[in-house]
Amino acid sequence: KTLPTFLHTPFWQRVKDSPNAVAVVDSSAASTSNTPTTTRLTYSEMGTRVAAVAQHILQHLSSMSLDPASEVIVSVVMHKGWEQIVGALAVLTCNATYLPIDAKWPSKRAAQIIQASGTCLVVTMSHLMEDDQVRTQALSSVPVVLVDVAIAKHAATNAATTDTSLPSQWYTSTINDHAWFTTRPTMLARDMAYLIYTSGSTGTPKGVRCHHQGAMNTNIDLIERFD
């Protein structure tokens, strides 16, 4: 059988085919009263958020003088939650490689990884730019896209929109027409989807490359095992 080519392809297919189906159930958020809350988002709602963040990422990447053949590394510095998923999917949607960095990591370690990886852009949340001076300096060393700000701006200008097909339409038109996609080499299944860093035997973080094809094979196998 034919497997989806890229890690983000099945997501956008579901946005198109089942926009009202539940995509994410996130119980990690907490209100100001510290009472756990649960956030449920449909594929259309997730697609809208991913598109909003991806547009900001594309604006930054398009303005950079990047080698067309080079790998584009975007660090996603977030706590676990639906926002982190949005950030990672937005990076993948832009045919870039995401590098997950847990916001709980020591700031110096995060800064070391951002520098060592050749990160050209950071995707994070506004409050993470404010609560730690060392981390703020590390994140400010490269351009930053704020997930919450991008989503809020999109919501403010599209408050009356209820058409659940719009995210899918945006994705199709963007990958076919946006200059970022038309001027760079065609992405292949063997291209890197994400880059993860381990501590290494010496304590120095070491990058591990994970390509789209390998990640998709693993995902399909897990789905079939638990289906």
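- Through direct or relayed side-chain contacts under 4.5 Å between Ile, Leu, Val, Met, Phe, Trp and Tyr, Val25 connects to Val22.
- Take Ala90 and apply the side-chain contact (heavy atoms from CB on, under 4.5 Å) test, not counting sequence neighbours, and it matches Val50, Val53, Ala54, Ile57.
- In this structure, the side-chain contact (heavy atoms from CB on, under 4.5 Å) partners of Ile196, at least two apart in sequence or on a different chain, are Pro100, Tyr194, Val208, Cys210.
- Identified under the side chain to side chain donor-acceptor pair (under 3.5 Å) test for residues 164-177, with sequence neighbours left out: Asp163-Ser165, Ser165-Gln169, Trp170-Thr174.
- Sorted pairs that involve residues 81-100 and meet salt bridge (charged side-chain N to carboxylate O under 4.0 Å, His left out), not counting sequence neighbours, are lacking altogether.
- Val77 places a side-chain heavy atom less than 4.5 Å from the side chain of Ile101.
- Using modelled atom types, one finds a donor on one side chain and an acceptor on the other under 3.5 Å when comparing Thr119 with Ser117.
- Using modelled atom types, one side-chain atom of His211 and one backbone atom of Gly214 make a donor-acceptor pair closer than 3.5 Å.
- In this structure, Val145 is a member of the same hydrophobic cluster as Leu66, with clusters built from ILVMFWY side-chain heavy atoms closer than 4.5 Å.
- Applying the salt bridge (charged side-chain N to carboxylate O under 4.0 Å, His left out) criterion to Asp221, with sequence neighbours excluded, gives Arg225.
- Under a cut-off of 6.0 angstrom, the local environment of CD in Gln59 is crowded, with over 12 non-hydrogen atoms contributed by other residues, nucleotides or ligands.
- Annotation: salt bridge (charged side-chain N to carboxylate O under 4.0 Å, His left out) contacts involving residues 50-71, sequence neighbours excluded, comprise Glu71-Arg209.
- With sequence neighbours left out, Thr93 forms a side chain to side chain donor-acceptor pair (under 3.5 Å) with Trp12.
- A cation-pi contact, defined as under 6.0 Å to the ring centre and within 45° of the axis, links Arg49 to Trp82.
- Between Val123 and Val147 the shortest side-chain heavy-atom distance falls below 4.5 Å.
- Under the side chain to side chain donor-acceptor pair (under 3.5 Å) criterion, the residue pairs touching residues 14-25 are Gln13-Asp17, Arg14-Ser18, with sequence neighbours excluded.
- Hydrophobic clustering, defined by side-chain heavy atoms of Ile, Leu, Val, Met, Phe, Trp and Tyr closer than 4.5 Å, groups Leu222 together with Phe226.
- Under the 4.5 Å side-chain criterion, counting only non-hydrogen atoms from C-beta, Met129 is in contact with Val144.
- When side chains are defined from C-beta on, His154 counts as touching Thr48, because their heavy atoms get closer than 4.5 Å.
- Taking Arg190 as the reference, nothing meets the salt bridge (charged side-chain N to carboxylate O under 4.0 Å, His left out) condition, with sequence neighbours excluded.
- When side chains are defined from C-beta on, Met192 counts as touching Ile73, because their heavy atoms get closer than 4.5 Å.
- Side-chain atoms of Val74 and Leu99, non-hydrogen and from C-beta on, never get closer than 4.5 Å to each other.
- Every residue meeting the side chain to side chain donor-acceptor pair (under 3.5 Å) condition with Asp148, not counting sequence neighbours, appears here in chain and number order: Ser126.
- The shortest distance between side-chain heavy atoms of Met125 and Leu146 does not fall below 4.5 Å.
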